[in-house]
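See structure below.
Chain A is the first sequence line, chain B the second, and so forth, proteins listed ahead of strands; every chain is numbered from 1. All figures in this text were calculated on a predicted structure; none of them were measured in a lab. FYI, side chains are in, hydrogens and waters are out, and symmetry mates aren't considered; it's all heavy atoms of this structure.
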Protein chains: 2
Amino acid sequence: MLKAERHKYIMTKLIEDQKVVTTDLALALDLSEDTIRRDLNELDSKKLLEKVYGGAVQVKEKSANVFDIAITAEEQKKQIVSKALSLLHDDQVIIMSGGSTNLVFAKLIPADLKATIYTYSLPIAMQLSQHPNIDLIFIGGKMQKNAMVTIGMDVIQVVSKIKADICFIGASSINIKQGLTEVGYEISIVKKAMIEASDRVVSMFASNKLNTKMPHGVCDLTQLDTIVTELDPEDERLDEYRKSGVFIL
Amino acid sequence: MLKAERHKYIMTKLIEDQKVVTTDLALALDLSEDTIRRDLNELDSKKLLEKVYGGAVQVKEKSANVFDIAITAEEQKKQIVSKALSLLHDDQVIIMSGGSTNLVFAKLIPADLKATIYTYSLPIAMQLSQHPNIDLIFIGGKMQKNAMVTIGMDVIQVVSKIKADICFIGASSINIKQGLTEVGYEISIVKKAMIEASDRVVSMFASNKLNTKMPHGVCDLTQLDTIVTELDPEDERLDEYRKSGVFIL
DNA sequence: TTATTTATTGCATATAAATGCATTATTTTC
DNA sequence: GAAAATAATGCATTTATATGCAATAAATAA
């Protein structure tokens, strides 16, 4: 009996019974339990089933819920963005780009802050729509699906008319020479417009983004007012950035 | 019996009865209470339930998550909106208003439909952003927070320039004399613009919205092309609506 | 074809997990 | 506060798993 046949048998059996037991399969297929276990491990690593002690069960369906956004290293991001909370004041006009760091930031904005926030990120807008005192303006346009942000001329047009006190820009990559750079061209354009429209430009990111580069330039370091990472502002990895004149929080 | 099965049993039982009792489970599953306790502790540490003295109870709703939108009577809504799926065709330009019925509709749009959809509802945009073949355009503006939709002149301006094949309008209330009516003035204006912009106007709602009234008029029945409820199209409760010439699905 | 490599399988062994029991600690109830 | 119920802990036993090894089968190269 070929391995492929066995795997098929196992998967059929699994659907039938919601589970398979190693010893039963060994008996039914007249093979050693070792082989069955190896099969189960293989199927498990292909995510076709879930190996458990004594056998295997069906993979529980991935919540399939569009609305729960996974944030990697959320704790680290909380640590970063909480430093930036001091930059917020009542009556500011704020622009926020997308990105999970900014999303974490949005969650932590104090409930009593009264401000106007422009954003073009769906998750951030969802988050801020729960905020009692924020005037929230969503910048419409064509959706870029994976990032859940709007892009394109519509966005640029709106952004370029805003007179903002401060903007928070997520960063794909940053380095000394090229400054902020982005994976996508469209996003880079929008961010340029954001910077143009804001008195103060803040970028928050984890230190692993330092000294990396993406294809599309956004701005050089001199155009950034403040950067925020999880590092101590005096950390030597930030030395060169400090020299460039950007304020490090 | 595999541990995974047991855990599943326990969780099912927990949902059924709101609680589980260690001794009962031990009896039902023919295992020592020790094992049950170990199971409960394990599930507790995974935050799937809360261990208490003598057994376990359901973990209290966190629901602090902005992103899980509660949809009441989701099954009924699925039933309604699935009737309307036949109205969808490739290459249509579609406008969708907000509302949980439309959200359910968005979830059910077939993955292979190629169309352009305009919406001003955050949850609907989130949902559709998962769709591989939909060109999605979000209509920006000031957010009305509780409804998670944009409103105002910005929205009207964009909507009035769309040439749509079909629009799907959620309904607060509908009756024979006043037609569609809305709670909020702003929303009513936006819906008027949607109707103006669309060749075909569809409204989906549960039958309990029939013969009710809200302060702000949207349109009369003659402007609606199709209405969809959970009722049989021949149901007598729809008699008067049928006479008005609207198509009932 | 033959020689060589690569996969598959079963077995032996060491390790790990699960379970129940006895004992002790803790919590609840009265 | 005392009695009863429930939990936690260590330990022994059973069962399942991983791993290296050898035998065999299958695929590949020469």
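- The residue Val52(B) sits close only to the backbone: its heavy atoms come under 4.0 Å of sugar-phosphate atoms, none of a base.
- In terms of modelled atom types and a separation under 3.5 Å, the side chain of Glu5(B) and the main chain of Gln18(A) share no donor-acceptor contact.
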Per-nucleotide protein contact string for nucleotides 16-24 of chain C (B base, S sugar-phosphate only, - none; heavy atom under 4.0 Å)
BBSBBBB--

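- Applying the salt bridge (charged side-chain N to carboxylate O under 4.0 Å, His left out) rule to Asp24(B) yields no partners; only residues at least two apart in sequence or on another chain are considered.
- Using a 4.0 Å cut-off between charged side-chain N and carboxylate O, Glu75(B) and Lys78(B) make a salt bridge.
- Nucleotide dT13(C) holds its C1' atom 13 Å from the CZ atom of Arg37(A), rounded to whole Å.
- Other residues, nucleotides and ligands contribute at most 12 non-hydrogen atoms within 6.0 Å of the NZ atom of Lys8(B).
- Contact annotation: Thr23(B) does not reach the phosphate of dT6(D) (side-chain N/O to OP1 or OP2, under 4.0 Å).
- Distances shown here put every side-chain N or O of Lys51(A) at or beyond 4.0 Å from the OP1 or OP2 atom of dA16(D).
- Salt bridge annotation for Arg6(A)-Glu42(A): absent, with no cationic side-chain nitrogen under 4.0 angstrom from a carboxylate oxygen.
- Taking only side-chain nitrogens and oxygens, Asn41(A) never comes nearer than 4.0 Å to OP1 or OP2 of dT17(D).
- The residues Glu186(A) and Lys142(A) are annotated as not salt-bridged, no charged nitrogen and carboxylate oxygen being separated by less than 4.0 angstrom.
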